[in-house]
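Shown next, in structure tokens, is the structure this report addresses.
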Amino acid sequence: MSAPLFLVESLPTADQLILDGPEGHHAATVQRLRVGEELLLADGRGGTATAVVTAVGRGTLDLTVTSRGYVDADVPRLVVMQGIAKGDRGELAVQAMTEVGVDEIVPWAASRSVVQWRGDRGVRAREKWAATAREAAKQARRAWLPVVAGAPDESTATVARRIAGAGAAFVLHEEAEERLTTVELPTTGEIILVVGPEGGIAPTELTAFTESGARPVRLGPSVLRTSTAGVAALSVLSTRLPRW
């Protein structure tokens with residue numbers, strides 16, 4: 001089994017350090033790492049370090065860094081405009097998409113989103129997505145932490161403007177004729193995927209996105225849930241791009 005990964009604000013410049021705070025508590029108390037065990041540190045921006053536990057305290061670990069590294073960011077970037085969903089479906093989508101390599105997730109207030117993220121509720125919900133992405137990145141041993149960007153409820157107009165500046169953009173739609181498995185992909189810039197909420201994407205929204213340069217695509221004959229469509233599409237793209 002690979003060594004567990006813990007996220008830190010910045011990687012140590014010295015060879016000796018103490019891992020404390022929430023990550024130290026998780027490593028020492030929850031995972032119960034012991035002297036001699038190895039772990040990974042990452043700053044979420046590509047920097048990594050391998051370290052060995054030299055002492056265990058109450059919620060802290062003394063570490064010795066044995067190696068350092070850097071993982072280049074993947075190009076093109078994979079960005080998902082995720083329609084806001086009710087219940088825990090949005091969080092399930094964020095977790096799975098992070099595990100398969102999404103670079104950025106933007107919450108989209110689609111017209112058919114049952115749940116509205118407004119005011120303090122929206123801020124809390126967005127923070128929950130960010131926390132979910134952080135934990136999933138640790139589980140997946142990712143050197144790059146995906147960004148949960150934008151306002152808690154980005155509008156269709158904002159999404160359309162983002163699409164206009166992308167290298168390519170695709171709207172997952174059950175009535176599309178093109179398949180994501182065969183469309184041409186760029187080698188630089190951003191690839192944007194638009195995933196609708198439970199009620200799907202409204203015709204006016206589809207028009208706004210296509211007029212901005214997006215192409216409707218489908219994955220196959222099945223209609224996927226909002227919590228699984230994004231991860232399925234990212235898996236297709238990761239296979240077609242030099243990622244997997």
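Predicted model, so just to flag it, every value in this text is computed and none were measured.
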**Fill in**
One should read off an interatomic distance between Gln82 CD and Glu104 CD, to the nearest 0.5 angstrom, of 13.5 Å

**Request:** Go through the side-chain N and O atoms of Thr158 and Ser155 and say whether any donor and acceptor fall under 3.5 Å apart.
**Result:** yes

**Item:** Of Leu193, Leu219, Leu241, Val217, the residue whose pairing with Val236 passes side chain to side chain contact (heavy atoms under 4.5 Å, CB included)
**Value:** Leu219

**Thr210 (side chain) donor-acceptor with Leu206 (main chain) under 3.5 angstrom** = yes

**Message:** Under 4.0 Å between a side-chain nitrogen and a carboxylate oxygen: does that hold for Glu178 and Arg215?
**Reply:** yes

**Item:** Shared hydrophobic cluster for Trp144 and Val231 (ILVMFWY, side-chain gaps under 4.5 Å)
**Value:** no

**Pro4 vs Gln31 side-chain heavy atoms within contact, under 4.5 Å** = yes

**Request:** With sequence neighbours excluded, tell me which residues meet salt bridge (Lys or Arg N to Asp or Glu O under 4.0 Å) with Lys86.
**Result:** none

**Asked** When you measure from the side chain of Glu23 to the backbone N and O of Leu7, does any donor-acceptor pair fall under 3.5 Å?
**Response** yes

**Prompt:** Any sub-3.5 Å donor-acceptor pair from Thr226's side-chain atoms to Gly196's backbone N or O?
**Reply:** yes

**Prompt:** So, are Glu177 and Arg218 salt-bridged, with charged N and O less than 4.0 Å apart?
**Reply:** no

**Item:** Distance-only donor-acceptor check, side chains Thr54 and Gln16, under 3.5 Å
**Value:** no

**Request:** Assess whether side-chain hydrogen bond (donor to acceptor under 3.5 Å, both in side chains) is satisfied between Arg142 and Thr98, documenting all intermediate values.
**Result:** CA-CA 9 Å; Arg142 288 190 56 175; Thr98 299; 5.1 Å; no

**Prompt:** Between Trp108 and Val195, is there a donor-acceptor pair closer than 3.5 Å when you use the side chain of the first and the backbone of the second?
**Reply:** no

**Asked** Between Leu61 and Ile18, is any pair of side-chain heavy atoms under 4.5 Å apart?
**Response** no

**Message:** I'd like to know if Arg126 and Asp120 make a salt bridge, using a cut-off of under 4.0 Å between side-chain N and carboxylate O.
**Reply:** no

**Request:** Would you mind checking if Arg34 and Glu37 are paired as a salt bridge, meaning a charged N to carboxylate O distance below 4.0 Å?
**Result:** no

**Prompt:** Within a strict 4.5 Å, meaning less than it, do heavy atoms of the Val53 and Asp62 side chains meet?
**Reply:** no

**Prompt:** Is the Trp117-Trp129 ring centre distance short of 6.0 angstrom?
**Reply:** yes

**Message:** Donor-acceptor check, side chain of Arg141 to backbone of Gln139, threshold 3.5 angstrom: yes or no?
**Reply:** yes

**Item:** Arg179 side chain to Thr182 side chain, donor-acceptor N/O pair below 3.5 angstrom
**Value:** no

**Fill in**
Residues passing the salt bridge (Lys or Arg N to Asp or Glu O under 4.0 Å) test with Arg68, sequence neighbours excluded, are Asp15

**Prompt:** Is there a donor-acceptor contact under 3.5 Å from the side chain of Glu135 to the main chain of Thr132?
**Reply:** no

**Item:** Spacing of CZ belonging to Arg162 relative to CD1 belonging to Ile192, to within rounding of 0.5 Å
**Value:** 5.0 Å

**Item:** Donor-acceptor pair, side chain of Glu38 and main chain of Thr50, under 3.5 angstrom
**Value:** no

**Test item: Thr228 side-chain N/O and Leu224 main-chain N/O as donor-acceptor pair under 3.5 Å** = no

**Message:** Whether the side chain of Asp20 engages the backbone of Gly24 through a donor-acceptor N/O pair (distance < 3.5 Å, no angle test) should be reported.
**Reply:** no

**Prompt:** Okay, side chain of Arg240, backbone of Val183: is any donor-acceptor separation there less than 3.5 Å?
**Reply:** yes

